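Encoded as structure tokens, the structure appears first; notes follow it.
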Amino acid sequence: MKRDLISMHDLTAEDIQLYLDTAARVETVSLKDRFQLLQGKIMASLFFEASTRTRLSFEAAMYRLGGNVIGFAEQAATSVSKGESFSDTIHTVESYSDVIVIRHPKEGTSRHASQISYLPVINAGDGTNQHPTQTLLDLYTIIKNFQKIEGLRIAFVGDLKYSRTVHSLLQALMKFRVNEFMLVSPDSLRLPEYLKRVETGFPVTFVETKDLEDAIPYADIIYMTRIQRERFPDQIEYEKVKDAFCLNAGMLKKAPEQLKVLHPLPRVNEIAPDVDDTPHAEYFRQAKNGLIMRQAILLNVFEVTI
Amino acid sequence: MSDKKIQMIPKIRSGIVIDHIPAGDGVHILEILERDPALKNVPITFGMNYQSNKLGAKDMLKIQKDDLCERTIQHISLVSPGVTIKRIRDFEVVEKVSVQPPHEMVNLLRCLNPGCITQNEPGLKTRFILTDPKKNLVTCVYCEREFSIHELSPIV
């Protein structure tokens with residue numbers, strides 16, 4: 001059976017642990033040896049929506065493992081812009097490649113691709129729904145810093161309504177028995193109720209606030225998100241909340257020593273540049289972990305053990 | 001003639017009776033039957049607000065056709081879960097089933113999320129999973145959003 005990676009819903013804690021363990025092992029393999037692992041394989045990189053880190057790190061991961069990459073970085077460069085259906089694009093690409101990585105602005109696109117293609121499909125972000133590869137690298141970053149997940153206190157800040165990284169990560173953390181979250185957002189960007197009703201088998205508490213300062217003494221991890229202009233149906237609503245939160249170094253003076261600030265990036269102005277120089281800034285290392293985790297994901301897809 | 005006989009819809013020799021419909025839901029089931037091409041020109045009798053020990057008041061439908069297609073039964077189960085479908089032969093009830101929404105619903109309901117791929121890819125069938133039968137909540141397999149069955153429009 002092909003190994004797709006579509007949604008955190010599909011993965012058990014054991015499945016996730018396999019990705020985390022593989023990533024840790026990737027770091028121990030020399031670049032020269034890594035280059036032998038996916039020789040002759042081709043990854044189709046289909047980005048119907050803009051991306052810097054996810055696309056480049058996936059492509060770099062494939063090259064690091066000795067494979068090759070074909071694809072596009074925007075829909076305008078494809079036959080979809082001439083009116084070709086999505087399913088026709090997938091059927092064409094599957095005859096040229098061994099794995100398909102997709103980012104698309106519509107929710108459920110990767111699931112659809114995985115159902116119609118005989119190749120493994122990796123979801124690199126589908127609209128406001130899921131971003132499982134970001135979640136796996138977030139978890140890897142958490143493990144590297146804290147050596148555990150259960151019991152950590154995590155505050156999500158910013159756009160909790162539209163942020164697919166928040167939606168995916170929240171579900172994954174609950175699989176690791178994290179049972180209390182602080183949610184910091186303006187009223188219009190609160191976490192959708194359906195995401196709070198996940199069946200966990202244990203009670204989960206959500207502490208909601210509009211004040212970022214509440215999170216600083218509370219959390220082991222502050223997960224910042226960008227207010228995403230492109231997700232707002234009404235731009236006036238965006239203007240009202242775009243500067244709702246800005247974390248700066250001064251605010252972090254009261255922070256516990258172990259506090260780490262994560263962000264899926266890109267950031268706009270929600271984290272001031274002076275935070276970069278504090279020991280709490282973890283977001284650039286987090287982005288770097290993306291390259292490691294995406295190598296681990298590709299190895300798992302091709303069932304290559306190291 | 002007794003009061004009971006006056007109340008009842010006349011018996012049918014053979015066909016389908018949909019019974020134990022909560023009062024008010026009968027109209028919605030009638031709409032489903034009207035959309036089924038196999039029931040065109042089939043005599044259907046509809047009664048409203050009968051006394052019911054179980055429901056207080058109920059609606060009832062009698063259809064003079066031996067079978068209902070599976071898709072129509074599934075649509076009925078979505079608008080009024082728990083109704084009874086009885087098969088009648090020679091005036092006798094030969095089969096009686098209580099219909100419940102199926103666990104997986106393929107192309108029965110339209111997803112409400114305008115960003116869902118099912119709203120944007122021609123020919124793609126919708127799929128919902130019944131995630132909470134007590135509250136009638138379903139989750140779209142594609143966009144993973146949860147909805148109440150009653151907020152979703154049927155695919156005819």
Side-chain angles (χ1 to χ4, degrees), chain A residues 4 6-11 48-49 75 80 83-91 102-116 121 123 125-132 135 161-162 164 166-168 170-172 191-199 228 230-234, chain B residues 28 69-71 74-75 77-82 99-156:
Chain A
D4 300 310
I6 305 299
S7 166
M8 298 313 291
H9 275 304
D10 304 336
L11 302 182
F48 294 85
E49 191 182 58
Q75 185 165 310
V80 172
E84 184 175 58
S85 73
F86 176 77
S87 53
D88 282 5
T89 305
I90 295 299
H91 288 313
I102 299 176
R103 169 168 291 188
H104 198 284
K106 300 297 180 191
E107 287 95 65
T109 312
S110 297
R111 177 81 65 196
H112 175 39
S114 74
Q115 289 170 343
I116 61 173
V121 173
N123 181 5
D126 62 327
T128 61
N129 184 34
Q130 285 269 324
H131 196 351
T135 296
K161 181 176 182 183
Y162 296 112
R164 59 193 171 202
V166 170
H167 300 171
S168 290
L170 193 72
Q171 288 165 3
L191 188 76
E193 285 300 314
Y194 74 94
L195 288 167
K196 298 180 190 168
R197 288 199 298 267
V198 176
E199 285 295 322
Q228 304 173 92
E230 66 274 21
R231 304 284 179 219
F232 277 77
D234 181 349
Chain B
H28 304 302
C69 77
E70 188 59 32
R71 190 173 170 77
Q74 286 181 343
H75 271 305
S77 74
L78 300 184
V79 301
S80 198
V99 296
Q100 299 296 336
H103 175 67
E104 185 175 19
M105 297 156 207
V106 180
N107 226 31
L108 287 175
L109 299 166
R110 206 174 302 284
C111 186
L112 200 57
N113 171 15
C116 180
I117 186 68
T118 60
Q119 294 250 23
N120 294 274
E121 179 76 352
L124 177 58
K125 291 178 178 173
T126 65
R127 279 174 188 271
F128 289 89
I129 300 293
L130 184 66
T131 38
D132 189 334
K134 284 184 189 152
K135 294 180 185 163
N136 283 321
L137 298 177
V138 292
T139 299
C140 173
V141 166
Y142 292 96
C143 71
E144 302 187 356
R145 299 281 178 86
E146 190 180 69
F147 303 97
S148 163
I149 285 176
H150 300 296
E151 41 180 352
L152 301 177
S153 55
I155 295 174
V156 181

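Since the structure is predicted, the reported quantities are computational estimates derived from the model, not experimental observations.
- Taking CZ of R111(A) as the reference point, atom SG of C140(B) lies at 9.5 Å (rounded to 0.5 Å).
- Applying the side-chain contact (heavy atoms from CB on, under 4.5 Å) criterion to H112(A), with sequence neighbours excluded, gives F86(A), S87(A), I116(A), I117(B), E121(B), L124(B), Y142(B).
- For Q115(A), the part lying under 4.5 angstrom from a heavy atom of chain B is the side chain only.
- Annotation: side-chain contact (heavy atoms from CB on, under 4.5 Å) contacts of D4(A) (sequence neighbours excluded): K2(A), I6(A), S114(A), P120(A), V121(A).
- Interface remark: D132(B) contributes no atoms to any contact with chain A (heavy atom separation under 4.5 Å).
- When C111(B), P114(B), C116(B), P122(B) are compared by the number of non-hydrogen pairs under 4.5 Å with chain A, C116(B) comes out ahead.
- Between H9(A) and E144(B) there is a side-chain heavy-atom pair separated by less than 4.5 Å.
- For a residue to count as touching a neighbouring chain, one of its non-hydrogen atoms must lie under 4.5 Å from one of that chain's; by this rule H167(A) does not touch chain B.
- For K125(B), the side-chain contact (heavy atoms from CB on, under 4.5 Å) partners two or more places apart in sequence, or in a different chain, are V106(B), N107(B).
- Residue with the most contacts toward chain B among H104(A), E107(A), K106(A): E107(A) (heavy-atom pairs, distance under 4.5 Å).
- Within residues 145-156 of chain B, the residues that have a heavy atom under 4.5 Å from a heavy atom of chain A are R145(B), E146(B), listed by number.
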